[in-house]
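Everything on this sheet refers to the single structure shown next.
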Amino acid sequence: MELQEYKCPNCGGALQFDSAEQKLKCPFCDALFSVSDFEKNDEVLDETEETAEWAAPAGEWQEGEADGIRVYVCRSCGGEIVGDENTAAASCPYCGNPVVMMGNFSGELKPDLVIPFRLDKKAAMASLEKHLSGKRLLPKIFSSQSHIDEIKGIYVPFWLFDAGAHADIRYRATRTRHWSDANYEYTETRYYDVFRSGDLAFDYIPVDGSSKMPDELMESLEPFDLSQAVNFKTAYLAGYLADKYDVSAESNMPRAEERIRVSTENAFARTVQGYSGVQAEESHIRVTDGRIRYALYPVWLLNTSWNGEKYTFAMNGQTGKFVGDLPMDKGAYWRWFGTLTGIGAAVTYAAALLLRIL
Amino acid sequence: MSKRLLTLLLVLSLVMCLGVTALADNDTARLTDNAGLLAESEIQEINSLLDEISSRHDFDVTAVTANTLNGLTPLQYAENWIDNSGFRTDRIVLLISMEEWDYYISPTWGKASEIFTDSGIRYIGDEFVPLLSRGDYAGAIKAYAGLCDDFLTQAENAPEPGTVPAAERSILPGKGAIILSAAVGLLTALIGTGRMKAALKSVRRKGSASDYVREGSLRMHASDEVFLYNTVNRTARVRSSPSSAGHSGGGGRSGGGGKF
C-alpha cells in the first residue's frame with residue numbers, strides 16, 4: 001500500500017496538523033502550510049482501490065496472530081510501522097514521520113467529510129485534570145497514582161445518516177374535571193382518541209463505524225458541530241492516528257433507526273396538548289433512508305490504569321467535551337452517607353424542638 | 001337497784017346513739033368495694049391514698065365498685081351513692097360496674113365540673129380503661145386517683161382548669177419527631193450521595209436523535225381528536241360526627257363514662 005508522507009519543503013521535518021492554526025506546521029522551523037497545498041496528493045485516492053501489500057515481518061508468527069497485522073516501512077528512516085488492516089494514518093515510532101496509508105482511503109473508502117482537530121494534546125490533559133477535580137467520591141489517590149498509559153489523537157470513522165421518518169401514531173388521551181356539592185365530590189373523565197400522522201427529517205445522525213471504539217463512549221461525546229466539517233483531505237491527518245471503518249453502514253442502520261424512532265415519538269407526543277393524560281396506543285414508524293455519509297471525527301483518547309483496572313477517557317477533539325467513568329471510593333461513600341444522615345436528622349430534630357418552644 | 005340499771009341502759013343507748021351518729025358523721029370510706037374486686041390490703045392502701053389527696057385539695061376523690069346497678073343507670077347509681085355518703089359538695093366519684101362492664105365518672109356540678117370538663121373526663125377515662133380491661137382494678141383506681149390529683153393541682157395553679165395536665169407536654173419532641181428526623185436524614189444522605197455517585201459516571205448512550213432533527217421539518221398530514229365517552233365518579237363527603245362519650249343533662253352537670 002502506498003504511504004503518503006508530509007514533509008516540510010524547507011527543512012524536511014515531519015509536518016503535523018496544528019489544531020490552533022488549522023494548518024500544517026513544521027515543529028522544527030515553524031513554517032505553516034495550508035492544507036490545500038498538499039491537495040494534489042489526494043488525487044490518487046480517486047483511483048480504484050489498490051490491493052493491499054504488506055511486508056512479512058521477521059520471525060515466525062502463530063496461526064492467527066498474523067491476521068490483520070500490517071507492517072509498513074517508513075520511507076524516511078526505514079523503521080517499521082505496525083498497524084492493523086484498518087489503520088489509515090500513523091506516525092513512525094522512530095522518526096515521528098506522519099504517514100497516511102492511502103489504500104485505506106481510496107475508492108469507496110474515501111471519507112466524505114472530516115472535522116479537523118480544534119484542541120491539542122495540552123488541552124486534553126487540562127480537561128482530564130478538570131474532569132478529576134471536584135468529584136467527592138473519587139479515591140484521592142487516583143489522580144496521583146494513575147498514570148496516562150497513552151494519549152492519542154485519533155480520527156474515528158463514523159457513518160452519518162440522513163433519514164426521514166413517517167409516523168402514524170394513535171393515542172388515548174383523557175381530560176378530567178372536579179366539582180362537588182354538599183353531599184358528594186364528583187370526578188368526570190372524558191376519553192379521547194387522538195391520531196397523528198406526519199413526517200420528520202433528520203440529518204447527520206452519527207453511528208460509530210469502528211468496532212474497536214466503544215459505541216457508548218463515542219455517543220457520550222456527542223454532539224459534533226458539523227458547521228466546521230470540511231471535505232476530506234489527507235493532510236488533516238498528519239500527526240494523528242486514523243482508522244478506516246470496519247463496521248458497515250448497513251449494520252449500523254438499526255442503531256440510527258432506533259434513535260430516530262425515539263425522537264419521532266417524542267416530537268409527536270409533544271403535539272398532543274391540553275390533556276391531563278396521554279398514552280400511546282399504536283405506533284407505526286417507517287424510516288426512509290436518505291443519504292449515508294462517511295466522516296472522520298476527532299477524538300482524544302486517554303487510557304490509564306489504576307488498581308489493576310483500565311480506565312478510558314475520551315475528549316471531543318472539536319468541542320472539548322470530556323467523558324469517562326471513574327471508580328468510586330466505597331469508604332468515602334459510606335462516610336458521606338453517615339455524615340449527611342446525621343446532618344439531616346439533626347436539622348429536622350432542631351426544627352421540631354424550635355417549633356415546640358415557640 | 002332498777003333505777004341504776006335504767007340509768008345504765010339509758011347511758012348505754014345514748015352512747016350507742018352517739019356512736020351511731022358519730023358513725024353517720026364519718027364519711028363512707030372513699031373507696032367502697034361492693035363488687036369485691038380488690039384485696040383488703042389494696043382497699044386500705046387506696047383509701048389512704050384517696051384520703052390524702054382529698055384532704056390536701058379539700059376535694060373528695062372517691063371510687064365505688066358494684067356487681068349490679070339494680071336497674072339504675074350508672075349516673076343514678078353514682079349519684080345515689082354520693083347522696084348517701086356524706087361527702088363534701090366538691091367531689092368526684094368513679095363507678096365501676098361489673099354487671100355490664102361500665103365505668104362512670106361523675107363530678108356533677110359547681111367547682112367540680114369546672115375543674116373536670118367533659119374532655120378532661122374523657123382523658124382520664126382513656127388513661128385507665130386499658131388497666132380495667134386487663135383486670136388490674138387496683139391499678140386503674142390508683143391511676144384515676146393520680147390523674148385527679150394532677151387535675152386538682154393544676155386547677156389550683158393554672159388559670160385554665162380542665163385541660164390536660166401540663167406534665168404531659170414535655171419540652172422535648174416525642175417519638176414522632178425522632179422518626180421523622182431519621183427519615184429526613186436518610187433521605188438527605190441518599191440524595192446527596194446519589195448525586196455524587198452520578199457525577200462519577202459520564203459515559204452513557206444517547207437515547208434519541210433530537211440533536212439531529214432538521215429544523216422545521218416536522219410536518220403533520222393528519223391530526224384527529226375524537227371524543228369517545230366519559231365516566232363520572234363520585235365519593236361521599238366525610239361529615240364530622242359529634243363525639244358521644246358524655247351525657248347531656250341539666251345545667252351545670254358534667255360527667256362521662258364508657259365500657260371497658
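The shown structure was predicted, so the numbers you read here are calculated from the model rather than taken from an experiment. In the text below, chain A, chain B and the rest are named by the order of the sequence lines, each starting its count at 1. Heavy atoms only: backbone and side chains are in, while hydrogens, waters and symmetry mates are out.
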- May I ask you to check whether A:Y204 and B:Y212 place their ring centers less than 6.0 Å from one another?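 That pair fails the under 6.0 Å test.
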Rounded to the nearest 0.5 Å, how far apart are [atom1] of [X] and [atom2] of [Y]?
X: A:E258; Y: A:I205; atom1: CD; atom2: CD1; result: 11.5 Å
X: B:T62; Y: B:L31; atom1: OG1; atom2: CG; result: 9.0 Å
X: A:E222; Y: A:T319; atom1: CD; atom2: OG1; result: 10.5 Å
X: B:I92; Y: B:C148; atom1: CD1; atom2: SG; result: 4.0 Å
X: B:R91; Y: B:D60; atom1: CZ; atom2: CG; result: 9.0 Å
X: B:L147; Y: B:F116; atom1: CG; atom2: CZ; result: 9.0 Å

Give, as side chain, backbone, both or neither, the part of [X] having an atom under 4.5 angstrom from any heavy atom of chain B.
X: A:R255; value: side chain
X: A:F313; value: neither
X: A:L138; value: both

- Counting only heavy atoms closer than 4.5 Å, note whether B:N233 contacts chain A via side chain, backbone, both or neither.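 Both parts, backbone and side chain.
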- Item | Under 4.5 Å from any heavy atom of chain A - which part of B:L190 |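 Both parts, backbone and side chain.
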- When A:L160 is tested against each of A:Y297, A:Y294, A:F224 for side-chain contact (heavy atoms from CB on, under 4.5 Å), which residue passes?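 The passing option is A:Y297.
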- Let me see the working for A:D203 and A:R291 under salt bridge (charged side-chain N to carboxylate O under 4.0 Å, His left out), right down to the final yes or no. CA-CA 9 Å; A:D203 291 323; A:R291 280 180 74 173; over 6 Å; no
Of all of [options], which one pairs up most often with chain B through heavy atoms under 4.5 Å apart?
options: A:A267, A:P327, A:G134, A:G324; value: A:G324
options: A:D181, A:L200, A:D162; value: A:L200
options: A:H131, A:E188, A:R177, A:R136; value: A:E188
options: A:Y191, A:F268, A:F195, A:Y192; value: A:Y191
options: A:P206, A:A332, A:G342, A:G338; value: A:P206
options: A:L326, A:V194, A:D199; value: A:D199

- Note on the structure: For A:S263, the side-chain contact (heavy atoms from CB on, under 4.5 Å) test, sequence neighbours excluded, returns A:F202, B:S208, B:A209, B:S210
- Task: Determine whether A:H178 and A:Y186 make a side-chain contact, defined as any pair of heavy atoms from C-beta on separated by less than 4.5 Å.
- Result: no
As an exercise: rank [options] by heavy-atom pairs under 4.5 Å with chain A and give me the winner.
options: B:V213, B:V232, B:V203; answer: B:V203
options: B:S181, B:A182, B:S223; answer: B:S181
options: B:T188, B:L186, B:L218; answer: B:L218

- Apply side-chain contact (heavy atoms from CB on, under 4.5 Å) to the pair B:L95 and B:L75, showing each step before the final yes or no. CA-CA 9 Å; B:L95 164 66; B:L75 170 65; over 6 Å; no
- Message: Checking the side chain of B:R204 only, and the main-chain atoms of B:K201 only, is there a donor and an acceptor separated by less than 3.5 Å?
- Response: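 The answer is yes, because a donor-acceptor pair under 3.5 Å joins these two groups.
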- Does A:Q318 reach the main-chain N or O of A:D225 with its side chain, forming a donor-acceptor pair under 3.5 Å?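 Yes; at least one donor-acceptor contact below 3.5 Å.
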- Query: Under 4.5 Å, heavy atom to heavy atom, which residues of residues 212-220 of chain A contact chain B?
  - Reply: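 So far as heavy atoms go, A:D215, A:E216, A:L217, A:E219, A:S220 are the residues that approach chain B to under 4.5 Å.
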- Tabulate, in ascending numerical order, the residues of residues 164-176 of chain A having at least one heavy atom closer than 4.5 Å to a heavy atom of chain B, or enter 'none'. A:H166, A:R172
- Message: Under 6.0 Å from the ring centre and within 45 degrees of the ring axis: does the NZ or CZ of B:K197 meet both conditions for the six-membered ring of A:Y333?
- Response: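 Yes, a cation-pi geometry.
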- Can the positive tip of B:R234 be found less than 6.0 Å from the middle of the six-membered ring of A:Y184, inside 45° of the ring normal?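 Yes.
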- B:D90 vs B:H57, side chain to side chain donor-acceptor pair (under 3.5 Å): CA-CA, chis, key distance, verdict: CA-CA 10 Å; B:D90 296 329; B:H57 290 294; over 6 Å; no
- Are there residues of residues 136-144 of chain B that reach to under 4.5 Å of chain A by heavy atoms, and which ones? none
- Task: Can you label the angle between the A:F142 ring and the A:W306 ring as parallel, tilted or perpendicular, going by 30° and 60°?
- Result: perpendicular
- Message: Applying side-chain contact (heavy atoms from CB on, under 4.5 Å) to A:N316 and A:V299, what does each step give before you reach the verdict?
- Response: CA-CA 5 Å; A:N316 184 321; A:V299 175; over 6 Å; no
- Task: Evaluate the criterion salt bridge (charged side-chain N to carboxylate O under 4.0 Å, His left out) for residue pair A:E257 and A:R261; output intermediate values, then yes/no.
- Result: CA-CA 6 Å; A:E257 275 184 21; A:R261 244 173 256 281; 3.6 Å; yes
